[in-house]
Colleague: 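The structure follows.
These values consider heavy atoms only, across backbone and side chains, with no hydrogens, waters or symmetry-generated copies.
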Protein chains: 2
Amino acid sequence: MTAPPTERTPTLADVARRAGVSTATVSRCLNTPDRVIEETRNRVLQAVRDLGYSPNFGARALAAKRTNTIGAVIPTMENAIFARGLQAFQEELRLKGITLLVASSSYRAELEEEQIRTLVARGADGLFLIGAHRDPALYDFLNRRGIPTLVAWVHDPNAPVPTIGFDNHSAMLDLARRVIADGHRHIGVISAEQAGNDRARARVAAIRAAMDEAGLDPDALSLVETAYGIDEGAAAFEALMQRTPRPTVVMCGNDVLAVGAMGRAKEMGYDVPGDVSITGFDDIELAKVCSPGLTTVHVPHRQMGTRAARALISMVSEGTPGQGQRLDTRVVLRGSLGPPRA
Amino acid sequence: MTAPPTERTPTLADVARRAGVSTATVSRCLNTPDRVIEETRNRVLQAVRDLGYSPNFGARALAAKRTNTIGAVIPTMENAIFARGLQAFQEELRLKGITLLVASSSYRAELEEEQIRTLVARGADGLFLIGAHRDPALYDFLNRRGIPTLVAWVHDPNAPVPTIGFDNHSAMLDLARRVIADGHRHIGVISAEQAGNDRARARVAAIRAAMDEAGLDPDALSLVETAYGIDEGAAAFEALMQRTPRPTVVMCGNDVLAVGAMGRAKEMGYDVPGDVSITGFDDIELAKVCSPGLTTVHVPHRQMGTRAARALISMVSEGTPGQGQRLDTRVVLRGSLGPPRA
DNA sequence: TTGTAGGCGTTATCAT
DNA sequence: ATGATAACGCCTACAA
């Protein structure tokens with residue numbers, strides 16, 4: 001497989017020669033077929049097939065100043081949280097013949113910025129990002145370059161770009177109210193790093209708000225921030241359970257952390273939800289599968305992806321400003337949440 | 001964000017003008033910095049920063065005939081099976097400043113081929129694929145184009161390209177022997193579609209081989225093929241359990257199917273492993289987290305990704321033929337496998 | 001060490 | 001309807 005190529009990659013000129021037309025005509029056959037008489041077109045397309053020609057992407061991008069490519073930067077590919085939404089996003093793009101370029105930032109702002117610049121340099125016609133919070137200078141840069149950008153996973157009408165997602169605060173508020181209604185008074189929280197993560201911040205803030213509503217002492221909230229991952233969730237859970245007073249419920253910022261917490265709970269011999277309740281956020285497949293099932297907040301990932309794709313496509317192709325959308329979430333009650341043991 | 005660009009994207013020429021040098025010098029500063037005297041270089045790099053210049057990818061690819069890009073086609077992004085290995089692969093590429101382009105084929109050969117051609121047209125310097133089985137014409141095409149290609153997730157010394165992975169047959173054979181040693185005689189199997197999937201075929205064949213070794217009747221193998229997914233695994237499980245004789249163990253082609261099976265088993269009121277044992281393959285995080293834990297085959301995903309990256313990089317940059325590697329798997333015993341109830 | 005200039009494969013503008 | 005031809009932005013001999 002590493003031998004030097006035995007065949008030069010065929011070019012437009014090769015096709016033109018073989019079909020006995022000019023390169024311009026070949027180009028038209030490929031891009032605006034109706035501007036070419038049928039007979040000529042057939043001859044050209046035959047030559048294309050004979051040669052196995054396919055246009056050189058770089059050259060095309062250079063000449064046309066479009067790439068039919070949209071870039072996405074997500075925090076991680078390693079877990080299912082973004083996979084389902086992104087898959088739906090991609091499927092919708094494919095329908096329109098648009099290629100998706102995916103990069104991941106490992107939840108690090110400076111890496112995200114680097115990836116964004118790479119995608120821009122690669123000529124992405126539009127950008128799909130997660131979460132609205134980032135350096136204004138970056139939005140500025142994208143704006144000056146005229147690159148349509150859309151943010152998902154949050155809905156924030158005040159963001160500098162259209163956002164398609166849900167209200168993280170009100171979603172978590174619903175869940176926290178339910179937890180408190182169940183009688184919990186000492187609430188442990190495992191959150192992703194809040195710095196630079198607007199979703200994480202909103203979720204924690206919502207729990208505080210619910211406690212405040214219920215007249216609970218803010219100190220009854222016991223918080224651990226941690227990196228993303230099952231193991232991290234497990235470690236954070238263990239830390240929480242050693243604090244005094246011990247929480248009767250541990251609310252996690254996402255399902256992956258929650259699953260880690262639940263695993264460690266079992267290892268430590270706790271009964272869930274008898275000794276301690278656990279909740280998540282996202283409703284990924286894991287949440288259904290673990291036992292007891294995880295009480296969590298359901299997010300319409302696929303719908304979010306599909307709508308984001310449609311919106312971004314029209315921003316790119318029609319140059320319209322783009323419109324944000326707010327999607328609804330709902331609390332999903334499963335076995336992992338119950339009243340605290342008296 | 002969709003306003004027309006207010007600034008023309010700066011080009012090499014802009015940088016050159018600002019730094020008072022030729023475009024050639026700017027290009028050298030960026031690509032072969034040591035061929036430029038320090039003072040000039042500093043001036044140029046300052047201009048680069050001032051202008052926020054970043055090279056146009058298409059133009060660079062066109063002129064240099066390299067893209068510093070490697071393309072990967074995986075069957076699916078939606079589940080964790082390929083995510084961990086791919087993440088490791090990407091991390092290694094990043095270290096060398098190489099960009100990864102990921103596409104997914106939804107387990108469909110014709111889609112895979114389309115994606116491969118797209119990646120080639122986009123100038124991928126090398127290709128990373130899953131599984132060795134595909135149309136020889138496709139290998140031929142890659143060969144003629146001189147595109148270094150590496151296959152992972154299987155190890156097959158006879159494949160037309162280097163393969164870095166494990167021996168699916170012997171891995172599953174180990175597990176099947178263990179299952180039979182535990183006393184199981186009626187074995188249900190849930191496999192991904194075998195057509196065009198060499199991993200799936202090898203795994204099923206290994207179970208047959210183990211039964212043969214043990215002198216079991218081949219008819220004691222009860223097979224269901226299904227699409228990929230938790231729900232599909234659940235449905236397949238239900239179907240298997242309605243057959244006569246009812247299997248005492250259900251061996252699944254991967255962990256995702258197995259988790260689906262386990263979920264349905266609980267819903268149907270079966271005790272695992274008391275009434276029926278369940279096994280998986282891959283050892284993704286799910287396997288540890290569900291309960292009982294899933295007995296499965298551990299695959300060194302990250303190692304596979306890292307090694308594949310290194311091998312492919314040297315194939316691309318040094319033009320060496322590339323060398324396959326065989327990695328070891330091991331059976332991981334967890335609670336989901338036990339002897340059949342007498 | 002640096003500059004000049006040709007060419008990479010397409011698209012798009014003008015003619016014809 | 002089709003054909004010349006000038007960009008597009010960068011790299012890389014080759015020359016100075």
Side-chain angles (χ1 to χ4, degrees), chain A residues 5 7-45 47-48 51-69 118 120-125 145-146, chain B residues 5 7-45 47-48 51-69 118 120-125 145-146:
Chain A
E7 264 178 36
R8 198 174 45 76
T9 308
T11 70
L12 249 205
D14 296 325
V15 177
R17 205 169 307 123
R18 181 176 184 113
V21 298
S22 74
T23 60
T25 299
V26 178
S27 176
R28 276 188 289 256
C29 283
L30 266 30
N31 300 303
T32 50
D34 34 309
R35 304 179 75 76
V36 173
I37 203 171
E38 172 162 0
E39 193 218 311
T40 313
R41 192 183 6 178
N42 290 147
R43 200 151 28 99
V44 169
L45 293 180
V48 165
L51 266 38
Y53 167 80
S54 87
N56 177 298
F57 174 79
R60 173 175 273 194
L62 194 54
K65 298 174 173 315
R66 296 183 295 101
T67 57
N68 266 300
T69 294
T118 301
V120 169
R122 293 186 80 103
D125 295 332
R145 287 279 199 278
Chain B
E7 265 178 35
R8 198 175 45 77
T9 309
T11 72
L12 249 206
D14 296 326
V15 176
R17 205 168 307 123
R18 183 176 182 112
V21 298
S22 75
T23 59
T25 299
V26 178
S27 175
R28 277 189 287 258
C29 283
L30 267 29
N31 300 303
T32 51
D34 34 311
R35 304 179 76 77
V36 174
I37 203 172
E38 172 163 358
E39 193 217 312
T40 314
R41 192 183 1 173
N42 290 149
R43 200 150 30 98
V44 170
L45 293 180
V48 165
L51 266 39
Y53 168 79
S54 86
N56 177 298
F57 175 80
R60 172 177 274 194
L62 194 54
K65 298 176 173 314
R66 292 182 300 98
T67 58
N68 266 301
T69 294
T118 301
V120 169
R122 293 185 79 102
D125 296 331
R145 288 280 200 276

Colleague: List the residues meeting side chain to side chain contact (heavy atoms under 4.5 Å, CB included) with Ala64(A), not counting sequence neighbours, and say none if there are none.
Modeller: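 Once residues adjacent in sequence are excluded, Ala64(A) has no partner under the side chain to side chain contact (heavy atoms under 4.5 Å, CB included) criterion.
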Colleague: Tyr53(B) and Leu12(B): which non-hydrogen atoms are nearest, and at how many Å?
Modeller: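 Taking every non-hydrogen atom into account, CE1-N, 3.5 Å.
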Colleague: Taking atom OG1 of Thr9(B) and atom CG of Leu51(B), what is their separation to the nearest 0.5 Å?
Modeller: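 Going from OG1 on Thr9(B) over to CG on Leu51(B), the span is 11.0 Å.
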Colleague: Once you round it to whole Å, what is the distance between P of dT1(C) and CG of Asp34(B)?
Modeller: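 So the two atoms are 9 Å apart, to the nearest Å.
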Colleague: side-chain contact (heavy atoms from CB on, under 4.5 Å) between Phe57(B) and Thr118(A): does it pass, once the steps are laid out?
Modeller: CA-CA 9 Å; Phe57(B) 175 80; Thr118(A) 301; over 6 Å; no
Colleague: List the atom pairs, with distances to 0.1 Å, where a side-chain N or O of residues 17-26 of chain B and a protein N or O form a donor-acceptor pair under 3.5 Å, not counting sequence neighbours.
Modeller:
| residue | atom | partner | partner atom | Å |
| --- | --- | --- | --- | --- |
| Arg17(B) | NH1 | Asp14(B) | OD1 | 3.2 |
| Arg18(B) | NE | Asp50(B) | OD2 | 3.2 |
| Arg18(B) | NH2 | Asp50(B) | OD2 | 3.1 |
| Ser22(B) | OG | Ala24(B) | N | 3.3 |
| Ser22(B) | OG | Thr25(B) | N | 3.3 |
| Ser22(B) | OG | Thr25(B) | OG1 | 3.4 |

Colleague: If you find the nucleotide of DNA chain D closest to Pro10(B) and the one closest to Arg41(A), which residue's nucleotide is nearer the 5' end?
Modeller: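 Comparing both residues, the 5'-ward one is Arg41(A).
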Colleague: For dT1(C), does OP1 or OP2 lie under 4.0 Å from any side-chain N or O of Thr40(B)?
Modeller: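 So the side chain of Thr40(B) is outside the cut-off, no N or O lying under 4.0 Å from OP1 or OP2 of dT1(C).
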Colleague: Hey, does Leu12(A) reach any base, or is it just sugar-phosphate, or nothing, if we go heavy atoms under 4.0 Å?
Modeller: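 Here Leu12(A) touches the bases of the nucleic acid.
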Colleague: Look at the side-chain N and O atoms of Thr25(B) and state whether any lies under 4.0 Å from the OP1 or OP2 oxygen of dG3(C).
Modeller: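 So the side chain of Thr25(B) is within the cut-off, an N or O lying under 4.0 Å from OP1 or OP2 of dG3(C).
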Colleague: Show which side-chain atoms of residues 31-42 of chain A pair as donor or acceptor with protein atoms under 3.5 Å away, not counting sequence neighbours.
Modeller:
| residue | atom | partner | partner atom | Å |
| --- | --- | --- | --- | --- |
| Asn31(A) | OD1 | Arg60(A) | NH2 | 3.4 |
| Asn31(A) | ND2 | Ser27(A) | O | 2.9 |
| Asn31(A) | ND2 | Ser27(A) | OG | 3.3 |

Colleague: Can you sort out the partners of Ala61(A) under side chain to side chain contact (heavy atoms under 4.5 Å, CB included), two or more places apart, ordered by chain and number?
Modeller: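 Thr67(A).
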Colleague: Quantify the bending of the helix from dT1(C)-dA16(D) to dT16(C)-dA1(D) as the angle between its end axes, each fitted on five pairs, to 10°.
Modeller: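 If I round to tens, the end axes sit 30° apart.
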Colleague: With a strict under 4.0 Å distance from non-hydrogen atoms of chain B, what nucleotide opens and what nucleotide closes the contacted stretch of DNA chain D, reading 5' to 3'?
Modeller: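 For DNA chain D, the relevant span reads dG9(D) to dT12(D).
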Colleague: Give the minimum heavy-atom separation between Arg145(B) and Gly52(A), together with the two atoms involved.
Modeller: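 Residues Arg145(B) and Gly52(A), closest heavy atoms: NH2-O, 3.5 Å.
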Colleague: Considering residues at least two apart in sequence or located in another chain, which fulfil the side chain to side chain contact (heavy atoms under 4.5 Å, CB included) criterion with Ala63(A)?
Modeller: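 With sequence neighbours excluded, Ala63(A) shows a side chain to side chain contact (heavy atoms under 4.5 Å, CB included) to no residue whatsoever.
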Colleague: Could you write out each protein N or O paired with an N or O of nucleotides 12-14 of chain C at a distance under 3.5 Å?
Modeller:
none

Colleague: Classify the nucleic acid contact of Val21(A) as base, sugar-phosphate or nothing, counting any heavy atom under 4.0 Å across all strands shown.
Modeller: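 Sugar-phosphate only.
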Colleague: Near DNA chain D, which residues from residues 53-62 of chain A have a heavy atom under 4.0 Å away?
Modeller: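 By residue number: Leu62(A).
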